[in-house]
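This report concerns only the one structure given below.
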Amino acid sequence: MPIRFDHVTYAYPATRGGAQPALVDVDLTVADGEFLGVIGHTGSGKSTLIQHINGLLLPTTGRVTVDGIDLADRTARREVRRRVGLVFQYPEHQLFADTVAEDVAFGPRALGLPAGEIEQLVITALERVGLDFCEVGHRSPFELSGGQMRRVAIAGVLATRPGTLVLDEPMAGLDPVGRGAMRELLRTLHHQGLTVIMVSHDMEDVAALADRVLVLRNGAVFACGTTSDVFSHHAELREIGLGVPRAALFAARLAARGVVLHAHPLTVEALADAIASACTSHREVG
Ligand SMILES: Nc1ncnc2c1ncn2[C@@H]1O[C@H](COP(=O)(O)OP(=O)(O)O)[C@@H](O)[C@H]1O
Ligand SMILES: [Mg+2]
């Protein structure tokens with residue numbers, strides 16, 4: 001069952017009655033199994049929005065429901081937190097335990113699960129992020145590389161087996177290799193059936209992964225649609241200070257010169273395919 005934002009407005013307590021709310025009348029549905037990218041300028045409300053999905057923040061007005069459960073209900077909120085895993089920006093900063101295994105076990109332990117079950121959950125969660133329990137389980141998380149630490153943090157969220165994973169800038173600060181690996185990990189988790197909501201300022205990452213894109217501007221929904229549809233609005237996005245994926249820009253420049261591709265490529269690979277097929281059909285016509 002879906003995640004629903006029903007006319008959600010949120011003002012931080014410090015700014016209530018004063019400045020513009022951080023979220024303004026946001027209406028949104030995220031379906032099961034979807035990969036939603038959330039983009040927008042700094043301060044547009046992305047982090048505020050995702051903290052509503054597991055009730056860390058509660059709407060000032062409006063309603064958020066997950067699987068039909070209203071997050072305003074304190075008891076129900078606990079259940080939603082099992083279903084929705086939230087990975088903060090730089091989640092490795094929140095690692096704290098002496099060993100990787102202990103850190104990943106924190107969530108399942110807080111749920112009061114039996115010890116035997118917890119170990120299996122930890123093993124599986126580490127496996128899902130590409131880490132081997134026997135190899136890293138006993139090590140201090142702080143001895144690992146930055147990319148590995150981030151994986152441990154994500155494993156900690158996956159350990160309670162949420163159906164939805166929400167990530168705030170999961171690629172931030174990673175080098176190109178780490179970035180590629182994180183893309184692969186998120187793609188795999190999505191293919192395994194997780195609903196994924198990813199905040200990102202990198203249009204290439206969003207284009208490579210998301211089915212749909214939500215664009216926020218000053219806390220309000222500026223656009224929401226399929227990734228190819230949203231990224232076809234170059235001019236509008238540019239107006240609010242956002243770019244589009246390189247491949248989409250390239251295709252638009254070709255179109256301006258009279259070379260129209262019969263697809264809306266969003267990645268370099270898709271662009272190459274579209275150009276190749278345009279060349280083939282051109283040859284056939286000629
Ligand atoms: N703890 C806070 N207290 C008051 N205002 C905040 C707080 N956190 C964020 N804001 C404000 O809310 C708005 C949205 O911020 P945020 O959700 O962090 O945006 P984004 O993640 O898109 O950069 C901004 O104007 C920001 O200054
Ligand atoms: Mg943010």
Side-chain angles (χ1 to χ4, degrees), residues 3-28 30 35-64 66 71-72 77 80-81 84-95 146 149-150 153-154 157 164-174 178-179 182-183 186 195-207 209-210 212-225 227 230-231 233 236-245:
I3 295 164
R4 273 277 317 141
F5 277 62
D6 197 4
H7 296 287
V8 171
T9 292
Y10 180 79
Y12 282 96
T15 61
R16 261 171 215 167
Q20 155 101 350
L23 289 181
V24 184
D25 200 26
V26 172
D27 225 39
L28 172 72
V30 185
F35 196 128
L36 179 76
V38 181
I39 63 176
H41 225 267
T42 303
S44 59
K46 305 181 295 296
S47 297
T48 305
L49 176 102
I50 61 170
Q51 289 177 73
H52 279 75
I53 302 174
N54 72 352
L56 279 180
L57 297 176
L58 298 172
T60 308
T61 61
R63 206 163 72 115
V64 179
V66 174
L71 281 156
R77 205 143 66 219
V80 170
R81 287 196 181 142
V84 178
L86 184 56
V87 180
F88 288 98
Q89 216 170 338
Y90 298 106
E92 58 276 17
H93 293 173
Q94 289 175 10
L95 297 174
M149 283 167 73
R150 189 163 296 179
I154 294 174
V157 171
T164 298
L165 190 62
V166 183
L167 308 107
D168 201 348
E169 299 278 5
M171 324 285 185
L174 296 179
R179 191 176 203 91
M182 185 60 70
R183 260 194 206 180
L186 296 181
T195 305
V196 183
I197 300 176
M198 177 184 79
V199 169
S200 176
H201 66 265
D202 188 297
M203 303 306 146
E204 309 297 333
D205 289 335
V206 173
L209 293 168
R212 262 193 338 139
V213 180
L214 169 73
V215 187
L216 288 177
R217 185 198 187 205
N218 297 333
V221 175
F222 179 77
C224 189
T227 308
V230 167
F231 283 138
H233 293 89
E236 291 91 332
L237 288 173
R238 198 172 314 121
E239 235 164 71
I240 64 165
L242 297 176
V244 297

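Atoms within a ligand are numbered from 1 in the order they appear, just like the ligands themselves.
Panel note: side chain Lys46, backbone Leu216; no donor-acceptor pair is recorded below 3.5 Å. A donor-acceptor pair under 3.5 Å links the side-chain atoms of Thr227 to the main chain of Ala210, judged by distance alone.
At least one N/O/S atom of Ser47, whether from backbone or side chain, sits less than 2.8 Å from the Mg ion (ligand 2).
Around ligand 1, the residues contributing at least one heavy atom under 4.0 Å from the ligand are Tyr12, Ala22, His41, Thr42, Gly43, Ser44, Gly45, Lys46, Ser47, Thr48.
For the side-chain contact (heavy atoms from CB on, under 4.5 Å) criterion with Leu167, the lone passing option out of Ile50, Ile154, Ile197 is Ile154.
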Quick one, His93 with Phe88, criterion side-chain contact (heavy atoms from CB on, under 4.5 Å). Give me CA distance, side-chain angles, the key distance, then yes/no. CA-CA 9 Å; His93 293 173; Phe88 288 98; over 6 Å; no

Using the rule given for side-chain contact (heavy atoms from CB on, under 4.5 Å), can you reason through Val24 versus Asn218, listing the C-alpha separation, both sets of side-chain angles and the distance that settles it, and then say yes or no? CA-CA 8 Å; Val24 184; Asn218 297 333; over 6 Å; no

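Of the charged side-chain nitrogens involved, at least one lies within less than 4.0 Å of a carboxylate oxygen, so that Arg183 and Asp205 count as a salt-bridged pair.
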